[in-house]
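Sequence lines set the chain letters: A, B, ... in the order given, protein chains first and strands last, and positions in each chain run from 1.
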Number of protein chains: 2
Amino acid sequence: MTEKEVEKKLSSLFGDDSDVCFSSEFCLSVARSCAAYNLRRASRLVTQAFDQALKPSGLKITQFSLLVAFLLSPESNLAQLAKGLGMDRTTLSRNLRLLEDNGLVRTTPGEDRREQKVEITSQGKTAVLQAMPLWHKAQDRVVGILGEEKWAAMAKDLRIMASNLK
Amino acid sequence: MTEKEVEKKLSSLFGDDSDVCFSSEFCLSVARSCAAYNLRRASRLVTQAFDQALKPSGLKITQFSLLVAFLLSPESNLAQLAKGLGMDRTTLSRNLRLLEDNGLVRTTPGEDRREQKVEITSQGKTAVLQAMPLWHKAQDRVVGILGEEKWAAMAKDLRIMASNLK
DNA sequence: ACTTAATAGGAGTATATACACGCAATATGG
DNA sequence: CCATATTGCGTGTATATACTCCTATTAAGT
């Protein structure tokens, strides 16, 4: 089947919409409005900014965030943590193993022997302390783009979106 | 060196701040304000929502976005596209290869024989057409959380952040 | 107590992402 | 014209992410 025949078949299947669908205007409106595209792009760029800033500490922003999360919820098991982080359980497991291999956290079985409890090590604490001023610098830079107020509003809305999708 | 000795060393290195730094209050304020954490979490959850919705089409939201981007900028080479997408050049290359392996796009060398031009195939167009109503459904669901207006404002701010970090 | 849920977590596989490095083609300065 | 710089892109490696299936442990129902 030639390309033109396919085009005709598409037209018969989807009607005149198929032309509209491939128009620059339509594609542009999809790209500009798409929640996933806009969030993912910003997320990529912000992640890069933080990772570059954190480089001297040897941590990536994902790892820094995890360590702070462990400090915040030392009693949680992995599933609870994953839920709070809006992250798949298995993703957390794997990110965790990396931190463990680097000696930043320690995992111990809970009383319920199915559970794993996570403890931050002194090495992990040192890393967080080293990273903290670097984090501040990146945070100031990124937040400075919109200004404190707008960022606070966006952060609030991001949390609302997250809590509605969990 | 025991854990306690490490704690003491940390205190002498960083002063009283090290205690403050590990307090729940402080960690909570970091987690609540961190641009990377908040964006990444929302991005993960929104991505999951779109991926689930798009499942019947066989596309992930990343692939759908790329196809729409190719439709929008058929003249761009990979580096230009990557810049527009706020994505590393090599990431785009690899995501592209996947689409090519699945027959959704075709790459041809440009006149400048260093360049690769990307063309969407008829199979790719069919996939986009199939995915479009599914995308709409996910988009409506996600945007509905905040409402059209707030989402439009957030999308605008996300673009501002992105353009300032590129 | 025994059977059956339900729960906590890991392993296999696949995609998404980026950095460091290297190669080929083009552009540029002399 | 040639040497060098620049540009466009691929590969190797590492991390981040999630889905599907699997095992071990505990909870619940009878």
Side-chain angles (χ1 to χ4, degrees), chain A residues 36-37 39-55 58-66 69 76-83 85-102 104 107-118 165-166, chain B residues 36-37 39-55 58-66 69 76-83 85-102 104 107-118 165-166:
Chain A
Y37 170 70
L39 276 168
R40 288 182 66 87
R41 186 175 56 156
S43 175
R44 278 195 297 270
L45 289 161
V46 168
T47 299
Q48 286 173 43
F50 275 81
D51 278 350
Q52 279 175 16
L54 288 183
K55 215 161 209 177
L59 291 178
K60 307 191 74 175
I61 186 58
T62 47
Q63 302 171 334
F64 177 82
S65 299
L66 273 191
S76 302
N77 62 33
L78 295 193
Q80 292 166 332
L81 274 166
K83 184 148 197 177
L85 296 166
M87 181 183 287
D88 191 87
R89 189 178 50 74
T90 61
T91 302
L92 180 58
S93 272
R94 288 180 151 108
N95 293 351
L96 185 58
R97 181 176 316 162
L98 212 49
L99 294 177
E100 199 171 10
D101 290 346
N102 292 335
L104 305 179
T107 57
T108 47
E111 299 151 34
D112 182 336
R113 260 171 300 172
R114 290 170 300 185
E115 288 184 352
Q116 290 281 315
K117 292 295 177 66
V118 185
L165 288 172
K166 266 191 278 201
Chain B
Y37 170 70
L39 275 167
R40 288 182 66 86
R41 186 175 55 155
S43 174
R44 278 194 297 271
L45 288 160
V46 168
T47 298
Q48 286 173 44
F50 275 81
D51 278 351
Q52 279 174 16
L54 288 184
K55 214 160 210 177
L59 292 177
K60 308 191 74 176
I61 186 59
T62 47
Q63 303 171 333
F64 177 82
S65 299
L66 274 191
S76 302
N77 62 33
L78 294 192
Q80 292 166 332
L81 274 166
K83 185 148 198 178
L85 295 165
M87 181 184 286
D88 191 87
R89 189 178 51 73
T90 62
T91 302
L92 179 59
S93 273
R94 287 179 152 109
N95 293 350
L96 184 59
R97 182 176 315 163
L98 211 50
L99 294 178
E100 200 172 7
D101 290 346
N102 292 334
L104 305 179
T107 58
T108 47
E111 299 153 35
D112 182 335
R113 260 171 298 174
R114 291 171 300 186
E115 289 185 351
Q116 290 282 316
K117 293 295 177 64
V118 184
L165 289 173
K166 263 191 279 198

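By the neighbour-count criterion of 12 heavy atoms within 6.0 Å, atom NZ of A:Lys166 is densely surrounded, having more than that number from other residues, nucleotides or ligands.
Here C:dT17 presents its C1' atom at 8 Å from CG of B:Asn95, a figure rounded to the nearest Å. Straight-line distance from the CG atom of A:Asp88 to the P atom of C:dA14: 17 Å, rounded to whole Å. Computed from coordinates, the A:Arg44 CZ to C:dC19 P distance equals 12 Å when rounded to whole Å.
In the model, B:Thr62 has no side-chain atom that pairs as donor or acceptor with a side-chain atom of A:Arg40 under 3.5 Å.
Once rounded to the nearest 0.5 Å, the distance linking CZ of B:Phe64 with CG of B:Asp51 reads 12.0 Å. Rounding to the nearest 0.5 angstrom, the gap separating the CE atom in A:Met87 from the CG atom in A:Leu78 is 11.5 Å. To the nearest 0.5 angstrom, A:Gln48 atom CD is 9.5 Å from A:Lys60 atom NZ. Here B:Arg41 contributes atom CZ and A:Ser43 contributes atom OG; the two are 12.5 Å apart, rounded to the nearest 0.5 Å.
Using a 4.0 Å heavy-atom cutoff across all strands shown, B:Thr91 reaches at least one base atom of the nucleic acid.
Looking at which nucleotide of DNA chain C each of A:Asp51 and B:Lys60 is closest to, the 5′-most match is held by B:Lys60. Sequence order on DNA chain C of the closest nucleotides to B:Thr62 and A:Gln52 puts B:Thr62 first from the 5' end. Toward the 5′ end of DNA chain D lies the nearest nucleotide of B:Arg94, the other residue of the pair B:Arg94 and A:Arg113 mapping further downstream.
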Scan the side chains in residues 91-100 of chain B for donor-acceptor partners under 3.5 Å anywhere in the protein, sequence neighbours excluded, and list what turns up.
from, atom 1, to, atom 2, distance (Å)
B:Glu100, OE2, B:Thr107, OG1, 2.8

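The nucleotide D:dA3 finds its pairing partner in C:dT28, both defining distances of the Watson-Crick or G-U wobble pair being shorter than 3.5 Å. Shown here, C:dT7 forms a base pair with D:dA24; the pair counts as Watson-Crick or G-U wobble because both key distances fall under 3.5 Å.
In this structure, B:Asn102 contributes its side chain and B:Leu104 its backbone to no donor-acceptor pair below 3.5 Å.
Base orientation for C:dA5: syn, the chi torsion being within 90° of 0.
No side-chain heavy atom of A:Ile61 sits less than 4.5 Å from a side-chain heavy atom of A:Val46.
For DNA chain D, the contact window with chain A, defined by any atom under 4.0 Å from a protein heavy atom, covers D:dT15 to D:dT26 in 5' to 3' order.
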Summarise how protein sits on nucleotides 2-10 of chain C as a single string, 5' to 3': B when a protein heavy atom is under 4.0 Å from the base, S for sugar-phosphate-only contact, - for no contact.
-> ----BBSBB
